[in-house]
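Following: one structure in structure tokens, then a few remarks.
Quick note on labels: first sequence line is chain A, next is B, and so on, each numbered from 1.
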Protein chains: 2
Amino acid sequence: MSIVSPTAGFPPTYSVVTFNAGAEIYAPGDKAGTFYQVEFGAVRVHRLLSDGRRQVIAFHLAGETFGFEADRTHSFFAEAITQTGLRAISRPANGEASPELLTLALRGMLRAHEHIMMIGRQTAVERISGFLVDMADRQGGIEYFDLPMSRLDIADYLGLTIETVSRVFAKLRSAGLIKLRSIRCVELKKLETLRSLCA
Amino acid sequence: MSIVSPTAGFPPTYSVVTFNAGAEIYAPGDKAGTFYQVEFGAVRVHRLLSDGRRQVIAFHLAGETFGFEADRTHSFFAEAITQTGLRAISRPANGEASPELLTLALRGMLRAHEHIMMIGRQTAVERISGFLVDMADRQGGIEYFDLPMSRLDIADYLGLTIETVSRVFAKLRSAGLIKLRSIRCVELKKLETLRSLCA
DNA sequence: CGGCTGATTGAGTAACCTCAAAATTTGTGG
DNA sequence: CCACAAATTTTGAGGTTACTCAATCAGCCG
């Protein structure tokens, strides 16, 4: 990782740091207190069980914010998925809580709750459809986009296996709902049908 | 619901309101902005899919706090499970964000993330074990306690069916790890073994 | 005691997982 | 630019967990 440039925007000024694909941003036990805004690229936050099972808690795309924790130390891993620029923002040392940070925390909680709903009660097709629609919405409702993450990342995010993810992609493709322009570029051909599939 | 008594503790003074078992505290679309501390009883927060599938997002026991939302309106249902007393606390109108509220939000997010991990990557036995250990820990590490919620509530919280919950209880019982003093009263006979089962 | 609700148990099934192999893509060096 | 190796993704076959449907059982209340 390397410092690219100091950039204004948040008071005071914070610099943007670049991480290579796969680079660790923080790990469980690391000191928390700083949070991050994604300038470009994508981040994956995850946790491991003792036997290696992995759950991806969240993906964070350009413009999104992550890294706030309840405790002094982090409980999860955060890694850059592709080459990623992050603006690090320190929490005010005086213990003050900005309304912005609270809003971000509450939005994060809402996202987490919707994630629980999805993996607790939806089928594989519903989860993948929901995931794709969410990715499109978060990038401004575009109809095609690159997936920065691997099939394994998607599987671990949705509580599925890589094979099931692959099979559901194939199913949605053969139903004409999506098109795979390349292995990582998805086009949502029938967005409204996909939306209705999320139940 | 009825006002029981105004109680000091939070500045300014807020009164405790009692809800009967099953009573609705708020529903999706209701105006948010107030949050609640459980004085006694237990609360369930959940959401429904269009076809009736239900996901319980969280249970809240005595002493715990819930109800903060990112938006102006609630996105979930909150209901009293048993007769429950709640202290309603309004968010400061001046837009100020108290550090306490931020801490509560961050703790809520951590809980949600652990919930995601559990239902995304753990087996039925691991989920039930984790649930029971969590219930014990949240009540001060006691070894037996009443479950305020039904088997259906537990199933909908853990992303399982009522039958699977029942079967796993039977399995843990016949393995000598728990004892069912009554249908709603669980005794954790081997807490450390249960803890190790959560992976 | 009968009727109701909630919980348990049983039998069969379906969705998703596991293991294995083939196909495709990506990266590297010449 | 091509060839080869490594990594990722897809596809296939079979297995397992948890689900569905159904019946029985237990507790509760009038």
Side-chain angles (χ1 to χ4, degrees), chain A residues 20-22 44 49 51-56 81-83 118-132 146-175 178-186 197 199, chain B residues 20-22 44 49 51-56 81-83 118-132 146-175 178-186 197 199:
Chain A
N20 288 325
R44 141 187 91 221
L49 291 177
D51 62 359
R53 279 174 288 174
R54 187 179 73 147
Q55 177 66 47
V56 172
I81 300 177
T82 57
Q83 178 147 308
M118 176 156 79
I119 62 183
R121 282 295 175 236
Q122 293 194 295
T123 65
V125 169
E126 289 167 342
R127 292 183 218 186
I128 300 272
S129 303
F131 170 74
L132 292 174
D146 280 306
L147 292 169
M149 68 292 286
S150 69
R151 298 289 189 268
L152 182 58
D153 287 333
I154 298 173
D156 286 346
Y157 177 72
L158 297 176
L160 300 170
T161 60
I162 184 176
E163 294 94 334
T164 298
V165 171
S166 190
R167 278 184 250 266
V168 172
F169 269 76
K171 193 169 182 176
L172 294 178
R173 182 168 45 76
S174 70
I178 66 172
K179 181 177 176 182
L180 292 170
R181 294 191 175 191
S182 75
I183 206 121
R184 292 284 183 103
C185 183
V186 192
L197 277 184
Chain B
N20 287 327
R44 137 188 96 221
L49 292 177
D51 61 359
R53 280 174 287 176
R54 186 179 76 146
Q55 177 67 46
V56 172
I81 300 177
T82 57
Q83 177 146 308
M118 176 156 79
I119 62 184
R121 281 294 175 237
Q122 293 194 297
T123 65
V125 169
E126 290 167 342
R127 292 182 218 187
I128 300 273
S129 304
F131 170 74
L132 291 174
D146 280 306
L147 293 169
M149 69 290 286
S150 69
R151 299 289 190 267
L152 182 58
D153 287 333
I154 298 172
D156 286 346
Y157 177 71
L158 297 176
L160 300 169
T161 60
I162 184 177
E163 294 94 334
T164 298
V165 171
S166 191
R167 277 184 251 268
V168 172
F169 269 74
K171 194 169 181 175
L172 295 177
R173 183 167 45 76
S174 71
I178 66 172
K179 182 177 174 183
L180 292 170
R181 294 192 174 191
S182 75
I183 207 127
R184 290 284 182 101
C185 182
V186 192
L197 276 184

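Side-chain N/O atoms of B:Arg184 include one lying less than 4.0 angstrom from OP1 or OP2 on C:dA7. Between A:Arg151 and the phosphate of D:dT10, there is a side-chain N or O to OP1/OP2 separation shorter than 4.0 Å. The side chain of B:Thr161 places no N or O atom within less than 4.0 Å of a non-bridging phosphate oxygen (OP1 or OP2) of D:dA18. Within the structure, every side-chain polar atom (N or O) of B:Thr164 is placed at least 4.0 Å from both OP1 and OP2 of D:dA18.
Nearer the 5' end of DNA chain D, as judged by each residue's closest nucleotide, is the contact made by A:Phe169, out of A:Arg121 and A:Phe169. With the nearest nucleotide of DNA chain D identified for both A:Leu152 and B:Gly159, A:Leu152 has the one nearer the 5' end.
With distances taken from any side-chain atom of A:Leu160 to the nucleotides C:dT9, C:dC16, D:dT10, the minimum falls on C:dC16. For A:Arg173, the side-chain atoms get nearest to D:dT11 when compared with the rest of D:dC19, D:dT11, C:dT9. Residue A:Thr123 has its side chain nearest to C:dC16 when only C:dC16, D:dA13, D:dT10 are considered. For B:Ile183, counting side-chain heavy atoms from C-beta on, the closest listed nucleotide (C:dT9, C:dT8, D:dT11) is C:dT8. Distance from the side chain of B:Glu163 is smallest to D:dC21 among D:dC19, C:dT18, D:dC21. Closest approach to the B:Ala124 side chain among C:dT18, C:dA7, D:dA18 is made by D:dA18 (side chain taken as heavy atoms from C-beta onward).
Regarding B:Asp51, its CG atom lies at a distance of 11 Å from the P atom of D:dT20, rounded to whole Å. The interatomic distance linking A:Leu180 (CG) with C:dT24 (C1') rounds to 13 Å, in whole Å. Residue B:Asp153 contributes atom CG, which lies 17 Å from atom P of C:dT5 at whole-angstrom precision. The distance between atom CD of A:Gln122 and atom P of C:dC16, rounded to the nearest whole Å, is 11 Å. Rounding to whole angstrom units, CD1 of residue A:Ile128 and C1' of C:dC16 are separated by 12 Å. At whole-Å resolution of the value, CD1 in A:Ile162 and P in D:dT11 are 13 Å apart. The CD1-P distance, from B:Ile119 to D:dC19, rounds to 12 Å in whole Å. The distance from atom CG of B:Asp156 to atom P of C:dA7 is 12 Å, rounded to the nearest whole Å.
You'll find the side chain of B:Leu160 stays beyond 4.5 Å of the side chain of B:Val168, heavy atoms only. A 4.5 Å side-chain heavy-atom check between B:Ile183 and B:Phe169 finds every atom pair outside the cut-off. Looking only at side-chain heavy atoms (C-beta outward), A:Leu49 and A:Gln55 stay at 4.5 Å or farther from each other. The shortest distance between side-chain heavy atoms of A:Ser150 and A:Arg184 falls below 4.5 Å. Between A:Val165 and A:Tyr157, every side-chain heavy-atom pair lies at or beyond the 4.5 Å cut-off.
Within 4.0 Å (heavy atoms only), A:Ser150 reaches sugar-phosphate atoms of the nucleic acid but no base atom.
Between A:Arg54 and A:Asp153 a salt bridge is recorded (basic side-chain N to carboxylate O distance below 4.0 Å).
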